[in-house]
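When a residue number appears, it is its place in the shown sequence, counting from 1.
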Amino acid sequence: MPEPLDAAELLDALKGDATCAAWLTALDDPEIPRLDAALPGPHDLADVLLDLAVPHEDIAELLALHGRLIRSPELLDLLARAVSGLLWRAGEPGRGTGLPEFPASAGELSRRFCVFVFVAALPHTRAAHRARGIPETVSRHTLADLGRNLAVHRRRFGTTGLFVPWWPTRHFRGELYQLGRLQFERARLGRRTGEAVAAEGLPYGPGDPCLSVHIPDFRGPLSPEACDDSFARARAFFARHYAGPEEAPVVAVCHSWLLDRQLKDCLPAGSNIVRFQERFRVAHVSHEPEDDVPVAFVFGGTQTPRDRLPRRTSLQRAVLGHLDAGGHWYTGHGWLPWPP
């Protein structure tokens, strides 16, 4: 029988990290109702992980860790508190306690504990989807993004884990949905983008509901036809499932390096990315360069020296050529009226 994981060691590591210590304190909020957060048994867990598109290479390791995790009452209690905090006021963007990045000192669970939190949260998320009438295919495709993020972690680091555990919290809280090629997140206009919208004469501004558009890197070309299809799906989806006056989005926004207008000078005219840019009015561009972001998006990581990266596609050549010439890449913040 496997030895249980050392709960004291993990908790000491979390208390020694400022962000994680604040998270532990937030979990103690008496307003957070305690949810049932039982993990499935080992045989059922394998099926759940497959349904979530977890890579086969990661399943055996997670199963072995599961066997040790369930033998620790202290860690199971932390798991239940984490699920309760994650789903607190689910459906309300910006609520809940989130999930922090655990420090390396947390040992085996540093990048893996969050996977079990999402697995334990899954029945609650699926029930919330059913209650709102979310189609099963949309629910399945949305939540499978967890497995994609595990695949990204393995591709970059060669190990099991989630590099950014806060990202799938949106999916499991009913804030983000995969609708064809693109993902759409229920959000609120920030100050600068909201002011840009108001400056265009629209009766909207900071704090009004919007949809934040995300571009995953695993769904094939960003063709105009695929984007048109996603926007059409999103129009129908949110009109049906989030139709209240406090929910109706007024604009769609996008915050991405793909909106850096320098790409127009580096890519062929009429490229998919340039045509995607042209859908949006750019409100502003970040001042700080974020060169690692396009490199990670295009090449799957930033660990390989730049001179060893391939330059087969026009996008690969554009990203690297611009950096080789001493340029930098920036995040553009754009918006478009909704419905588009």
Please go through [X]'s hydrophobic cluster and name the other residues, only I, L, V, M, F, W, Y counting, with side-chain heavy atoms under 4.5 Å joining them.
X	result
Tyr204	Leu189, Val197, Leu202, Val250, Val251, Val253, Trp335
Val285	Val282, Tyr330
Trp88	Ile32

Minimum side-chain heavy-atom gap [X]-[Y] below 4.5 Å:
X	Y	result
Pro209	Arg188	yes
Ser223	Arg275	no
Glu195	Pro206	yes
Pro135	Phe237	yes
Asn272	Leu267	no

Is the count of non-hydrogen atoms from other residues, nucleotides or ligands lying under 6.0 Å from Arg95 atom CZ greater than 12?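 No.
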Just checking Trp257 against His328, ring centres under 6.0 Å apart? no
Can we call the ring centroids of Phe231 and Phe184 under 6.0 Å apart? yes
Is [X] salt-bridged to [Y], cutoff N-O under 4.0 Å?
X	Y	result
Arg68	Asp6	no
Arg311	Asp324	yes
Arg186	Glu175	no
Arg34	Asp77	yes

Test side chain to side chain contact (heavy atoms under 4.5 Å, CB included) on Val119 and His66; report intermediate values, then the result. CA-CA 11 Å; Val119 168; His66 167 272; over 6 Å; no
Return the orientation label for the [X] and [Y] ring planes: parallel under 30°, perpendicular over 60°, tilted otherwise.
X	Y	result
His153	Phe163	tilted
His171	Trp167	perpendicular
His129	Tyr177	tilted

I'd like to know if [Y] and [X] are part of one continuous hydrophobic network [Ile/Leu/Val/Met/Phe/Trp/Tyr, side-chain heavy atoms within less than 4.5 Å].
X	Y	result
Leu65	Leu45	yes
Val152	Phe118	no
Leu87	Tyr242	no
Phe113	Ile59	yes
Val164	Leu162	no

Report the residues that fulfil salt bridge (charged side-chain N to carboxylate O under 4.0 Å, His left out) with [X], sequence neighbours left out, ordered by chain and then residue number.
X	answer
Glu136	Arg140
Asp291	none
Glu101	none
Lys264	Glu278

Heavy-atom donor-acceptor pair, Ser84 side chain to Ala80 backbone, under 3.5 Å: yes
Please determine whether side chain to side chain contact (heavy atoms under 4.5 Å, CB included) holds for the pair Leu35 and His124, giving the CA-CA distance in whole Å, both sets of side-chain angles, and the decisive distance to 0.1 Å. CA-CA 9 Å; Leu35 298 177; His124 298 281; 4.1 Å; yes
Of all heavy-atom pairs between [X] and [Y], which one has the smallest distance, and what is that distance?
X	Y	value
Cys266	Trp329	SG-CH2, 4.0 Å
Leu63	Ala46	CD2-N, 4.1 Å
Leu14	Pro103	CD2-CD, 4.1 Å
Leu69	Leu76	O-CG, 3.9 Å
Pro55	Gly147	CD-O, 3.6 Å
Phe276	Cys227	CD1-SG, 3.9 Å

Result block: side-chain N/O donor-acceptor pairs under 3.5 angstrom for residues 18-29, not counting sequence neighbours:
unit_1	atom_1	unit_2	atom_2	d
Trp23	NE1	Gly98	O	3.1
Thr25	OG1	Ala21	O	3.1
Asp28	OD1	Arg81	NH2	2.8
Asp29	OD1	Glu31	N	2.8

Sorted by first residue and then second, give each salt bridge (Lys or Arg N to Asp or Glu O under 4.0 Å) pair with at least one member in residues 204-222; sequence neighbours left out. Arg148-Asp217, Arg155-Asp217
Indicate whether any N or O donor in one side chain lies under 3.5 Å from an N or O acceptor in the other, for His333 and Ser286. yes
Judged by modelled atom types alone, do Gln277 and Asp260 share a side-chain donor-acceptor pair under 3.5 Å?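 Per modelled atom types, Gln277 and Asp260 side chains form no pair under 3.5 Å.
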Does the pair Leu10 and Phe102 meet the rule for a side chain to side chain contact (heavy atoms under 4.5 Å, CB included), with working shown? CA-CA 9 Å; Leu10 174 64; Phe102 283 15; 4.1 Å; yes
State which residue, out of Glu185, Gln183, Arg170, Gln178, fulfils the side chain to side chain donor-acceptor pair (under 3.5 Å) condition with His214.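 For His214, the side chain to side chain donor-acceptor pair (under 3.5 Å) test succeeds with only one of Glu185, Gln183, Arg170, Gln178, which is Glu185.
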Return each pair, listed once, that meets side chain to side chain donor-acceptor pair (under 3.5 Å) where at least one residue sits in residues 35-52; pairs must be two or more places apart or across chains.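 Counting only pairs at least two positions apart or across chains, no side chain to side chain donor-acceptor pair (under 3.5 Å) contact touches residues 35-52.
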Return each pair, listed once, that meets side chain to side chain donor-acceptor pair (under 3.5 Å) where at least one residue sits in residues 52-65; pairs must be two or more places apart or across chains.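 Sorted result for residues 52-65: Asp58-Arg154, Asp58-Thr160, Glu61-Arg112, Glu61-Thr160.
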How long is the span from the CG atom in Leu150 to the CG atom in Leu49, to the nearest 0.5 Å?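 If I round to the nearest 0.5 Å, the distance is 8.5 Å.
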Rounded at 0.5 Å granularity, tell me how far NE2 in His284 sits from CG in Leu259. 11.0 Å
Criterion side chain to side chain contact (heavy atoms under 4.5 Å, CB included) on Arg233 and Ser230, from CA distance to verdict: CA-CA 5 Å; Arg233 294 190 197 197; Ser230 275; 5.6 Å; no
How would you list, by chain and number, every residue that makes a side chain to side chain donor-acceptor pair (under 3.5 Å) with Glu290, sequence neighbours excluded?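 With neighbours one apart ignored, the set is Thr331.
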